[in-house]
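Here the structure comes first, spelled out in structure tokens, and everything after it is commentary.
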Amino acid sequence: MRAQATRELVSLKDRLGVPPFLRSCHTAVVGRYFVEGHVPAESIAKLLRQSPGWLCIALPGMPSGSPGMSGPQGPLVVYAVTPHGRWTEFGAF
């Protein structure tokens with residue numbers, strides 16, 4: 001795994017196809033997918049197991065109780081993004 005700091009985060013997200021309303025503070029490239037935000041490891045493992053034709057999964061914002069964030073956890077929804085810019089619910093936790 002390699003981390004790379006950049007000041008061009010908006011252009012990186014644009015290039016990857018992250019819809020603006022699903023953006024968060026972290027973007028990772030995992031295999032042929034990108035993962036946006038504080039997505040739980042279980043969701044990433046599910047993505048890699050299923051290997052769908054999506055571009056990414058995303059947990060927008062920095063929600064309380066999500067992995068790495070303190071506070072009470074409410075219902076959180078991870079979204080999947082298609083190559084055509086559409087999205088659907090991938091899972092809730």
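Being a predicted model, the structure only gives us computed values, none of them experimental. Side chains are part of it too, since the values below use all heavy atoms of this structure and drop only hydrogens, waters and symmetry mates.
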Next item on the list: First locate atom SG of Cys56, then atom CG of Leu47, and finally report the distance between them rounded to the nearest 0.5 Å.
Entry: 9.0 Å
Next item on the list: Look at the side-chain heavy atoms of Ile, Leu, Val, Met, Phe, Trp and Tyr, link any pair under 4.5 Å apart, and say whether Val77 and Phe93 land in one connected group.
Entry: no
Next item on the list: Look only at the side chain of Arg23 and the backbone of Gly61, and say whether a donor-acceptor pair between them is shorter than 3.5 Å.
Entry: no
Next item on the list: Could you tell me the separation between the CG atom of Leu76 and the NE2 atom of His38, rounded to the nearest 0.5 Å?
Entry: 11.0 Å
Checklist line | Flag, side chain of Ser51 to backbone of Leu48, donor-acceptor distance under 3.5 Å | finding: no
Note to self: Can you confirm whether Thr88 sits close enough to Tyr79 that some side-chain heavy atom of one is under 4.5 Å from a side-chain heavy atom of the other?
What the structure shows: no
Check: Among the clusters formed by ILVMFWY side chains lying less than 4.5 Å apart, do Leu16 and Val35 turn up in the same one?
Finding: no
Check: Hey, does Pro20 have a side-chain heavy atom less than 4.5 Å from the side chain of Lys13?
Finding: no
Next item on the list: Decide yes or no for Leu55 and Tyr33: does some side-chain heavy atom of the first lie under 4.5 Å from some side-chain heavy atom of the second?
Entry: no
Check: Are the side chains of Val81 and Pro19 in touch, meaning some heavy atoms are under 4.5 Å apart?
Finding: yes
Next item on the list: Find out if a path of hydrophobic residues (ILVMFWY) with successive side-chain heavy-atom gaps under 4.5 Å connects Ile44 to Val29.
Entry: no
Next item on the list: Please report the shortest heavy-atom distance between Val78 and Pro40, naming the atom on each side.
Entry: CG2-CD, 4.0 Å
Checklist line | Minimum heavy-atom distance Leu59-Ser24, with the two atoms named | finding: O-CB, 3.8 Å
Check: Can you name the closest pair of heavy atoms from Pro52 and Arg32 and give their distance?
Finding: O-NH2, 2.8 Å
Checklist line | Flag for Glu36-Thr27: side-chain donor and acceptor within less than 3.5 Å | finding: yes
Check: Phe90: what forms a ring pair (Phe, Tyr, Trp, His ring centres under 6.0 Å) with it, not counting sequence neighbours?
Finding: Trp54
Notebook entry, point to check: Would Val10 and Val18 show up in the same hydrophobic cluster when neighbours are defined by side-chain heavy atoms closer than 4.5 Å?
Noted result: no
